[in-house]
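One structure is given here, and the rest of the page talks about it.
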2 protein chains.
Amino acid sequence: MDKELIATNLRNHHLKVTPQRLKIVESLNTFGHLNIDMLYQEVKEAYPNVSLATVYKNIAIMTENGLLEKVKLPESKSVFEIRKEPHLHLHCSKCGKIEDISFDTEQIRAHAEAVSGYSIQSSDIVLRGVCPACQTNAKK
Amino acid sequence: MDKELIATNLRNHHLKVTPQRLKIVESLNTFGHLNIDMLYQEVKEAYPNVSLATVYKNIAIMTENGLLEKVKLPESKSVFEIRKEPHLHLHCSKCGKIEDISFDTEQIRAHAEAVSGYSIQSSDIVLRGVCPACQTNAKK
DNA sequence: CTATAAACGATAATTTTTTTCCTTAAATAA
DNA sequence: TTATTTAAGGAAAAAAATTATCGTTTATAG
Ligand SMILES: [Mn+2]
Ligand SMILES: [Mn+2]
Ligand SMILES: [Zn+2]
Ligand SMILES: [Zn+2]
């Protein structure tokens with residue numbers, strides 16, 4: 001995802017293309033999932049006098065417009081990511097790494113709708129565990 | 001779950017049995033899932049000069065001891081519940097109702113471990129949708 | 001009962017998030 | 001291009017959420 005595509009996406013939502021916004025999206029494009037502090041640090045590196053409020057305001061408006069998505073994690077701070085296909089998250093309890101996994105949630109949805117009568121619209125799945133690297137390290 | 005069982009559980013974790021704690025657990029036992037504000041209101045009704053800090057401290061220590069569990073929801077404030085068998089949550093986007101559903105997550109776990117190499121320890125699943133009551137109301 | 005340590009309430013302090021307000025700069029049109 | 005307009009930025013204050021402190025109360029062990 002290059003700068004021009006990001007800019008186009010912003011314009012499609014009638015959002016101005018500012019350097020701060022580009023940097024936020026580029027950071028997410030590079031690192032995948034970042035919490036508010038990480039995002040602030042990233043943007044600050046490129047624009048030292050960016051305001052934390054600017055980061056808050058931008059992730060809020062970009063999330064409202066469906067460009068970004070917030071992922072709530074059981075034990076740690078929420079992270080943001082660029083919106084894409086629905087997927088589930090693996091969160092390493094040792095190093096905090098977050099990985100995306102594609103998974104068809106149709107069975108879950110069907111089961112849930114059958115037993116509850118709910119009409120399911122979306123699903124949020126976060127699995128907690130130990131990533132391969134941390135497993136290796138632990139085995140010492 | 002009656003008062004005596006709650007008291008026993010608390011004592012098993014070397015936590016003193018106080019009226020405020022009993023009320024917190026009883027409220028959760030009655031309503032299922034409550035956020036911090038709801039819990040505070042509940043306890044306040046029985047003990048008008050309870051401190052909000054007491055509620056915070058109690059849910060924290062009871063959660064640390066595995067008596068309670070925190071459930072993070074995509075759009076709204078986190079709720080707490082009495083810890084029980086792992087289960088998934090249905091959250092109505094209209095009325096906010098939260099329902100428990102039992103579901104075997106073995107397939108998800110197996111798939112995730114296979115494709116990622118992670119060793120999965122736990123899973124958090126929240127489905128968002130419209131509950132039966134709200135579907136009926138909508139149909140007007 | 002008494003002694004002791006945990007828990008309480010009140011309050012302050014911290015942390016997190018949102019709002020305000022004035023300035024700056026991106027978008028649009030002349 | 002240049003001018004106009006309007007959204008967005010930065011700084012700061014305000015609000016909201018959470019945690020810590022501290023003197024007092026109370027549950028529990030002996
Ligand atoms: Mn993701
Ligand atoms: Mn539940
Ligand atoms: Zn790891
Ligand atoms: Zn409903």
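We name chains A, B, ... by the order of the sequence lines, and we start the count at 1 in each one.
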| request: Determine, step by step, whether B:L73 and B:N35 satisfy the side chain to side chain contact (heavy atoms under 4.5 Å, CB included) criterion, reporting the C-alpha distance in whole Å, the side-chain angles of both residues, the deciding distance to 0.1 Å, and the verdict. | output: CA-CA 11 Å; B:L73 302 171; B:N35 66 29; over 6 Å; no

| said: Under a 3.5 Å threshold, yes or no: a donor from one side chain and an acceptor from the other, between A:S93 and B:Q121? | reply: yes

| request: Answer with yes or no whether the side chains of B:N65 and B:H14 bring together a donor and an acceptor at under 3.5 Å. | output: no

| Nearest-0.5 Å distance, CG of residue B:L34 to CD1 of residue B:I59 | 10.5 Å

| query | NZ of A:K97 to SG of A:C131: how many Å apart, nearest 0.5 Å? | reply | 4.5 Å

| query | Does one hydrophobic cluster hold both B:V43 and B:L22, with members joined at side-chain heavy-atom distances below 4.5 Å? | reply |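 Same cluster: B:V43 reaches B:L22 through Ile, Leu, Val, Met, Phe, Trp or Tyr contacts under 4.5 Å.
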
| task | State whether A:D124 and A:K72 are salt-bridged, where the test is any N-O pair (Lys NZ or Arg NE/NH1/NH2 against Asp/Glu carboxylate O) under 4.0 Å. | result | no

| Carboxylate-amine/guanidinium proximity below 4.0 Å for A:E106 and A:R109 |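 Result for this pair is yes, salt bridge flagged.
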
| field | Side-chain N or O of B:Q20 closer than 4.0 Å to phosphate OP1/OP2 of C:dC8 | value | yes

| Contacts to DNA chain D from residues 43-60 of chain A, heavy-atom cutoff under 4.0 Å, which residues? | A:N49, A:V50, A:S51, A:A53, A:T54, A:K57, A:N58

| request: Mind grabbing the angle between the end helix axes of the helix from C:dC1-D:dG30 to C:dA30-D:dT1? Five pairs an end, 10° rounding. | output: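 Taking the rotation axis at each end, their angle is 40°.
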
| said: Tell me the interatomic distance from B:Y40, atom OH, to D:dA16, atom P, rounded to whole angstroms. | reply: 15 Å

| query | Quick one: B:I36 CD1 to C:dT16 C1', roughly how many Å, whole number? | reply |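 Rounded to whole Å, this separation is 16 Å.
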
| note | A correct 5'-to-3' footprint of nucleotides 24-30 of chain C, with B, S and - meaning base, sugar-phosphate only and no protein heavy atom under 4.0 Å, is --BS---

| So, the side chain of B:E42 versus the backbone of B:K23: is there a donor-acceptor pair under 3.5 Å, distance only? | no

